[in-house]
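First the structure, in the form of structure tokens, and then the observations on it.
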Amino acid sequence: MAYTHDGKKPVVLKNDPIDADSTDWVYFIYDDWLTVGETITTHSSTIVGGTIETASTSVGPITLDGVAYQTAYAVEVKPSAGSTQISVTHRVTTTKAGAVDLGRTSIDHTAVLNVVSL
């Protein structure tokens with residue numbers, strides 16, 4: 001299920017919890033966020049309440065739930081024992097070709113997942 005990040009606060013993935021004993025991938029899609037001519041130059045991820053099993057990875061073009069995306073990144077995460085929620089932050093820096101580089105630096109997008117026993 002896709003969620004839209006408004007850039008103001010973390011997105012809570014209320015309908016998509018993570019199992020307490022599993023790992024899962026969290027996807028960050030930038031198709032509608034990037035401006036024309038803008039590209040991501042660096043990306044990283046951090047987590048609170050769990051561990052990162054696979055660091056930020058470019059997986060773009062990808063189809064999720066029947067929707068095709070061009071600029072996608074994924075982070076594989078695992079909740080820590082006893083966690084009830086994890087918070088995954090994806091940080092990107094961009095560049096934009098032109099007389100003046102209008103790229104953005106260290107922009108964070110955060111997803112919050114509830115941890116449950118499924």
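The residues of the chain are indexed from 1 along the displayed sequence. This structure is a prediction, so every number in the text was calculated from the model and none was measured. Values reported hereafter were calculated over all heavy atoms of this structure, with side chains retained and with hydrogens, waters and symmetry mates removed.
Taken from CD1 in Ile47 to OG in Ser45, the straight-line distance is 8.5 Å, to the nearest 0.5 Å. The OG1 atom of Thr54 sits 12.5 Å away from atom NZ of Lys78, with the distance rounded to the nearest 0.5 Å. Atom CD1 of residue Ile40 and atom OG1 of residue Thr95 lie 12.0 Å apart, to the nearest 0.5 angstrom. With rounding to the nearest 0.5 angstrom, the CD1 atom of Ile18 is 10.0 Å from the CG atom of Leu13. Of the inter-residue distances, the one linking Ser44 atom OG with Ile52 atom CD1 reads 8.5 Å to the nearest 0.5 angstrom. How far CD1 of Ile107 is from OG1 of Thr93: 7.5 Å, rounded to the nearest 0.5 Å.
When side chains are defined from C-beta on, Leu113 does not count as touching Asp16, because their heavy atoms never get closer than 4.5 Å. Between Val92 and Trp33, some side-chain heavy-atom pair lies under the 4.5 Å cut-off. At least one side-chain heavy atom of Phe28 sits less than 4.5 Å from a side-chain heavy atom of Val26.
Glu53 and Thr23 share no side-chain donor-acceptor pair at under 3.5 Å. Between the side chains of Ser58 and His43, no donor N or O sits under 3.5 Å from an acceptor N or O.
For the pairing with Ser87, the side chain to side chain contact (heavy atoms under 4.5 Å, CB included) check across Thr46, Val112, Val12 returns one residue only, Val112.
Val75 and Val48 end up in different hydrophobic clusters when Ile, Leu, Val, Met, Phe, Trp and Tyr side chains are linked at under 4.5 Å. Linking Ile, Leu, Val, Met, Phe, Trp and Tyr whenever their side-chain heavy atoms come within less than 4.5 Å puts Val115 and Val11 in one cluster.
For His5, the ring-ring contact (aromatic ring centres under 6.0 Å, His included) criterion is met by His109, not counting sequence neighbours. Residues satisfying the salt bridge (Lys or Arg N to Asp or Glu O under 4.0 Å) test with Glu76, not counting sequence neighbours, are none.
The number of heavy atoms from other shown groups lying within 6.0 Å of CG (Asp101) is above 12.
Looking at every heavy atom in both residues, Gly50 comes nearest to Ile86 through N-CG2, 4.1 Å. Smallest separation of non-hydrogen atoms from Asp31 and Thr71: OD1-N, 2.6 Å. Of all non-hydrogen atoms in Ser22 and Pro79, the two that sit nearest each other are O-CD, 3.3 Å.
Summarising the hydrophobic clusters (Ile, Leu, Val, Met, Phe, Trp, Tyr; side-chain heavy atoms under 4.5 Å, direct or chained), the residues clustered with Val59 are Trp25, Tyr27, Ile29, Ile62, Leu64, Val67, Tyr69.
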